[in-house]
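Input: a single structure, listed below in C-alpha cells.
In what follows, every chain begins at residue 1, and chains take the letters A, B, ... in the order their sequences are listed.
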Number of protein chains: 2
Amino acid sequence: MDALAGLAQANRLEIFRLLVQRGPGGVRAGEIASTLGLAPATLSFHLSALRHAGLIECEAAGRERIYRVAFEHMHALVDYLTENCCGGADCHPANQRRSA
Amino acid sequence: MDALAGLAQANRLEIFRLLVQRGPGGVRAGEIASTLGLAPATLSFHLSALRHAGLIECEAAGRERIYRVAFEHMHALVDYLTENCCGGADCHPANQRRSA
DNA sequence: ATTATATTTCGATTATTCTGGAAATATGGA
DNA sequence: TCCATATTTCCAGAATAATCGAAATATAAT
C-alpha cells in the first residue's frame, strides 16, 4: 500500500520511471532534480517517500547520493496486485498471461 | 497515473483487491459497503475514482450495480510500471522474469 | 400511486499531502 | 581553515483528497 501510494503522485511516478529506465546504474539526486525541474526540498521529500515505500534505494558517493530502483520490490508490488486473482479458480483468461 | 492514484488509497485498494479476488462475477455495491464497512457516500466516492481510473467497470442490474475489475486495464498498468526498463539494454536480471 | 430499497450526488468539514524558502548537515577542494 | 557544492530537514502556507449526512435519483414491489 505504501508502494502504491508512492507511485500515486505525478512527480514521484516520474522519478520512479526515470530510475526504472536508467537501470542499475542509478541517478544522482541533482540530476533527477534538473531533469524533472523540481526544487531540491521537493525532490528530497518525494525521494524520501519512495524510499520509505521500499521502491528505491540510495547509495552515498561522496557528497552526492545515487538513487536506483529496488527491482525486487518493484516485482513484488506487481505480483501483489494480482494476488489471489479470481479466488484462485476459474480465472478470467486475461489473468493467465503472467502465470509463472 | 490515474490508475496508480486509484490504488494509492487504503479503502480503494481494499475495494480493488476484493474485486480482483471475486473475479468476473463482480460484487454488488451494497455488498462491498458492508464487507468493508464504508458509508454509502464514501464507497460511491471511491468507486467513482476507480472507475475514472479505468480499473473497474460497472454494470447495472435493476436497482443494484455490480462492479468488477477491468482485467485488461489491470494488466496494462502492471506492464506500464516496468516499461523501458533499464533503457531496454543490459537489464537487471530480475526484470527478465516476466518478459513474454 | 405509494412505499421501500439501492446507489449516487451535493455540500461542508476535516484530514492529508505537496511545495519551496531558509537553515542545517556533510563532503570536497583550495 | 574557509568557501563551494550536494542534499536534507524544518516549517508554514497552499492545494488536494477523504469523509459522511442529507437530498436526489432510479428501480422494484404492493
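- In this structure, B/Ile66 places its CD1 atom 12 Å from P of C/dT8, rounding to the nearest Å.
- Taking 4.0 angstrom as the limit, A/His46 places none of its side-chain polar atoms (N or O) nearer than this to OP1 or OP2 of C/dT17.
- Between the CZ atom of A/Arg12 and the C1' atom of C/dT16 there is a distance of 12 Å, rounded to whole Å.
- Among the heavy atoms of the strands lying under 4.0 Å from B/Ala41 is at least one base atom, whether or not backbone atoms are also near.
- Counting only residues at least two apart or in different chains, side-chain hydrogen bond (donor to acceptor under 3.5 Å, both in side chains) contacts with residues 28-45 of chain A comprise A/Arg22-A/Glu31.
- In terms of phosphate contacts, A/Thr42 brings no side-chain nitrogen or oxygen within less than 4.0 Å of OP1 or OP2 of C/dT19.
- Salt bridge status for A/Arg65 with A/Glu59: absent, with no side-chain N to carboxylate O gap under 4.0 Å.
- Considering all non-hydrogen atoms of both residues, B/Tyr67 and B/Ile56 come closest at CD2-CD1, 3.6 Å.
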Query raised in the report: Would B/Leu36 and B/Leu43 count as a side chain to side chain contact (heavy atoms under 4.5 Å, CB included) if you check the C-alpha gap in whole Å, the side-chain angles of each, and the deciding distance to 0.1 Å?
Result: CA-CA 9 Å; B/Leu36 302 181; B/Leu43 175 65; 5.7 Å; no

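- Of the side-chain N and O atoms in B/Tyr67, none sit less than 4.0 angstrom from OP1 or OP2 of C/dA6.
- Where DNA chain D meets chain A (any atom under 4.0 Å from a heavy atom), the bounding nucleotides read 5' to 3' are D/dA4 to D/dT9.
- One interatomic measurement links the two molecules: CG of A/Leu47 to C1' of C/dC18, which rounds to 14 Å at whole-angstrom precision.
- Taking atom CG of B/Leu43 as the reference point, atom P of C/dA6 lies 14 Å away to the nearest angstrom.
- Taking only side-chain nitrogens and oxygens, A/Asn11 never comes nearer than 4.0 Å to OP1 or OP2 of C/dT17.
- The nearest whole Å value for the distance from the CG atom in B/Leu4 to the P atom in C/dT17 is 17 Å.
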Requested in this report: Decide side chain to side chain contact (heavy atoms under 4.5 Å, CB included) for B/Met74 and B/Val20; before the verdict, give the C-alpha distance in whole Å, the side-chain angles of both, and the deciding distance to 0.1 Å.
Outcome: CA-CA 10 Å; B/Met74 176 180 78; B/Val20 165; 4.1 Å; yes

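- For the pair A/Arg65 and A/Phe45, nearest-nucleotide mapping onto DNA chain C gives the more 5' position to A/Phe45.
- Checking side-chain atoms of B/Arg51 against main-chain N and O of B/Glu57 turns up no donor-acceptor pair under 3.5 Å.
- Contacts of B/Arg51 with the nucleic acid, taken as non-hydrogen atoms under 4.0 Å apart, are absent.
- One can place CD of A/Glu14 at 11 Å from P of C/dT19, the figure rounded to the nearest angstrom.
- Positionally, the nearest nucleotide of DNA chain D for A/Arg63 lies more toward the 5' end than for the other of A/Ser44 and A/Arg63.
- Relative to the six-membered ring of A/Tyr80, B/Arg17 meets both conditions, a distance below 6.0 Å and an angle of at most 45° to the axis.
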